[in-house]
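Here the structure is laid out as structure tokens; the discussion comes afterwards.
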Amino acid sequence: MRWTHTLIPTLKEAPSDAEILSHQYLIRSGMVRKLTAGLYTFLPLGLRVLHKIEKIVREEMDRSGALETLMPALQPPEIWQKSGRYETARDVLFKAKDRSDKEWVLGPTHEEVITTLVAGELQSYRHFPKTFYQIQTKFRDEIRPRFGLMRAKEFIMKDAYSFDTTDEGAQVSYKSMYDAYARIFKRCGLTAFAVEADTGVMGGKFSHEYMVPAETGENEVVYQEESGYAANIEKAVTGSVKLDSDPALKDLEIEKFPTPGVKTIENLARGSHKIPATQQIKTLVYFLEDKPIILLLRGDDQLNEAKLTGVVGSAEFRPGEEAEIVELLGAHPGSLGAVGVSSEVKIYGDLAIEGTWGMVTGANEDGFHIKNVNVSRDLPSVEWVDLRTAKVGDPCPTSGKPLKIQRAIEVGHVFKLGTKYSEALGATFLDHDGKTKPAVMGCYGIGVTRTLQSVIEQSNDKFGVIWPMAIAPYQVCLTPLNVDPASEVMQLANKFYTELVSKGVEVIMDDRDERPGFKFKDSELVGFPIRLAIGEKSLANGVVELKMRAGGEVEKITPEMAVATVLERVHEML
RNA sequence: CGGAGCGUAGCUCAGCUUGGUAGAGCACCUGCUUUGGGAGCAGGACGUCGCAGGUUCAAAUCCUGUCGCUCCGACCA
């Protein structure tokens with residue numbers, strides 16, 4: 001390809017609406033342009049990268065035995081009503097109406113469609129297992145699209161769905177996808193690792209997310225290198241963080257004491273009371289489908305709402321409003337406690353305070369707290385569960401070593417679904433024993449467009465993008481510094497171009513009549529892995545100049561060696 | 001949806017406080033010079049100042065409304 005024939009609108013300055021570096025480079029290097037928030041046009045260069053990632057995804061999906069399909073993006077709402085997600089996913093569903101005012105759904109994902117297909121086509125255990133995948137545009141009415149392709153209203157996803165007759169089979173399918181994902185990200189030049197992920201209302205143990213470490217990521221990963229433990233913070237459990245209570249306080253009776261003006265854990269820890277946060281019980285009032293529940297955490301801990309979802313089996317909860325809380329407990333937030341609360345209110349307590357004593361909590365009377373709370377004695381009806389958010393330095397659940405936290409971008413998610421959708425949509429089969437059973441499903445997603453931007457986020461320097469060879473828009477940027485067709489420089493460039501292309505190398509020739517510095521800057525901004533510059537000065541010394549984008553000095557090589565050397569580098573880096 | 005900020009040339013932004021001729025740099029067009037790290041000079045084209053009302057002799061500037069964009073939170077590939 002010749003630069004003057006394609007469209008690579010590079011920008012010297014970062015667009016004002018691009019916050020993170022990968023978003024800026026995506027725009028500046030002329031890969032995409034924004035139509036409106038969360039919607040992007042892929043320009044020729046960006047599309048080449050996208051296609052290359054898709055090719056890798058296809059190859060690895062095919063290799064794992066998955067079957068490529070293509071499902072409609074436009075879907076009837078009836079199947080969403082059947083699965084129950086017409087309601088539960090209503091916030092992300094884009095809806096459209098046709099001329100007769102019938103409603104349609106733009107697919108944010110395809111469990112309903114694929115399961116409907118399987119319900120009709122796979123009827124015997126002999127037809128299983130099967131895994132289907134597709135690479136397709138998804139639509140999600142994101143509350144807040146952001147960071148370019150990272151979170152868009154419309155994006156390209158590789159989604160896959162496995163169907164097995166047994167749970168054990170489903171685990172094999174799961175593992176197969178899990179492994180394929182690792183290969184995909186590796187081939188894309190991405191450092192991504194699998195972490196245990198929250199399974200939310202679906203339950204079950206099998207969910208992993210593939211994470212790319214990045215400060216701009218929207219997720220937090222809790223990990224311990226030595227033990228290998230890694231989990232999304234929503235899911236992360238820890239070893240016991242329970243602290244020893246002072247034996248002297250165990251049998252003391254609870255005692256109310258005045259705490260005027262104290263509204264927060266912090267107030268009580270600092271002020272005149274000097275009660276460490278670790279000795280306080282934090283009392284939160286939530287409403288679960290209009291029924292109040294009380295949550296108890298240690299003063300220094302934060303509630304993990306994803307864990308709460310798992311505990312109560314629903315995501316339909318919200319923090320109570322001040323008026324509701326006053327009505328329930330008779331005091332304002334800041335003086336709340338669970339001691340003596342009616343046994344009709346469900347109370348969940350975090351494991352970190354189970355069995356402790358000498359604790360301080362609100363008295364349910366404004367301006368008063370109570371001390372010497374012995375949890376086992378004074379809070380008998382509490383159900384003890386894991387509710388806290390893991391913190392840096394907490395003990396690793398497997399090794400006890402201190403945990404660390406790293407921000408990351410989620411590029412893939414593998415999920416063992418079970419029979420939720422197969423039951424709802426009738427994907428059953430006749431087993432050996434003549435019984436009708438629901439298929440056991442798994443679902444697997446890769447954000448293809450997000451993966452693209454993640455590579456930029458991970459692989460760049462102050463000059464621009466550094467594309468890994470496998471997904472670079474072009475492998476080689478041929479840079480003649482004189483584009484006069486009659487010049488020796490341009491004739492040699494044309495010769496190299498022809499030879500390299502004939503050997504299957506993807507070359508872009510920068511045939512613009514621009515100054516050298518201008519061309520060098522552009523090629524570095526776009527990030528072609530190899531640049532071969534041909535200029536009069538070096539040619540007079542019998543050499544051309546090879547520069548690797550990833551680093552290293554300019555290498556001077558003879559024109560005779562140029563094509564072979566470039567070819568060798570391309571293959572080394574693939 | 002809650003909180004914060006921003007809408008002026010293709011891009012980055014100044015001008016707004018204190019109302020009065022619409023600005024700069026980059027990019028674009030023409031010419032000359034230049035030619036190894038985002039060149040220089042001269043000339044040129046490009047704007048309903050997001051939109052709609054209002055105040056005023058007069059609005060980019062003040063007021064009201066509205067739409068869009070960005071960031072923080074809940075959601076997620």
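Chain A is the first sequence line, chain B the second, and so forth, proteins listed ahead of strands; every chain is numbered from 1.
Every residue meeting the ring-ring contact (aromatic ring centres under 6.0 Å, His included) condition with Phe185(A), not counting sequence neighbours, appears here in chain and number order: Tyr210(A). Residues satisfying the side chain to side chain contact (heavy atoms under 4.5 Å, CB included) test with Lys34(A), not counting sequence neighbours, are Asp17(A), Tyr40(A). In terms of the side-chain hydrogen bond (donor to acceptor under 3.5 Å, both in side chains) criterion, Tyr178(A) has no residue partners (sequence neighbours excluded). For the side-chain hydrogen bond (donor to acceptor under 3.5 Å, both in side chains) test, residues two or more places apart in sequence or in another chain that qualify with Ser22(A) are Gln453(A), Glu457(A). Not a single ring-ring contact (aromatic ring centres under 6.0 Å, His included) links Tyr474(A) to another residue, sequence neighbours left out. Take Glu13(A) and apply the side chain to side chain contact (heavy atoms under 4.5 Å, CB included) test, not counting sequence neighbours, and it matches no residue.
Residues from residues 514-526 of chain A with heavy atoms under 4.0 angstrom of RNA chain B, sorted by number: Arg515(A), Pro516(A), Gly517(A), Phe518(A), Phe520(A), Lys521(A), Asp522(A), Glu524(A), Leu525(A). Near RNA chain B, defined here as any heavy-atom distance below 4.0 Å, the residues from residues 32-58 of chain A are Lys34(A), Thr36(A), Ala37(A), listed numerically.
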Pairs of donor and acceptor atoms involving the side chains of residues 476-486 of chain A, under 3.5 Å and at least two apart or interchain, shall be tabulated with distances.
residue, atom, partner, partner atom, Å
Asn482(A), OD1, Asp484(A), N, 2.9
Asn482(A), ND2, Glu536(A), OE2, 2.9
Asp484(A), OD1, Ala486(A), N, 3.0

Any chance you could list the contact pattern along nucleotides 44-52 of chain B? Use B for base contacts, S for sugar-phosphate-only contacts and - for none, protein heavy atoms under 4.0 Å, 5' to 3'.
-> ---------
Under a 4.0 Å heavy-atom criterion, the protein footprint on nucleotides 72-77 of chain B, written with B, S and -, is BBBBBB
Polar-atom pairs under 3.5 Å, protein N or O versus N or O of nucleotides 13-16 of chain B: list them with distances, or write none.
residue, atom, partner, partner atom, Å
rC13(B), OP2, Ser16(A), OG, 3.3

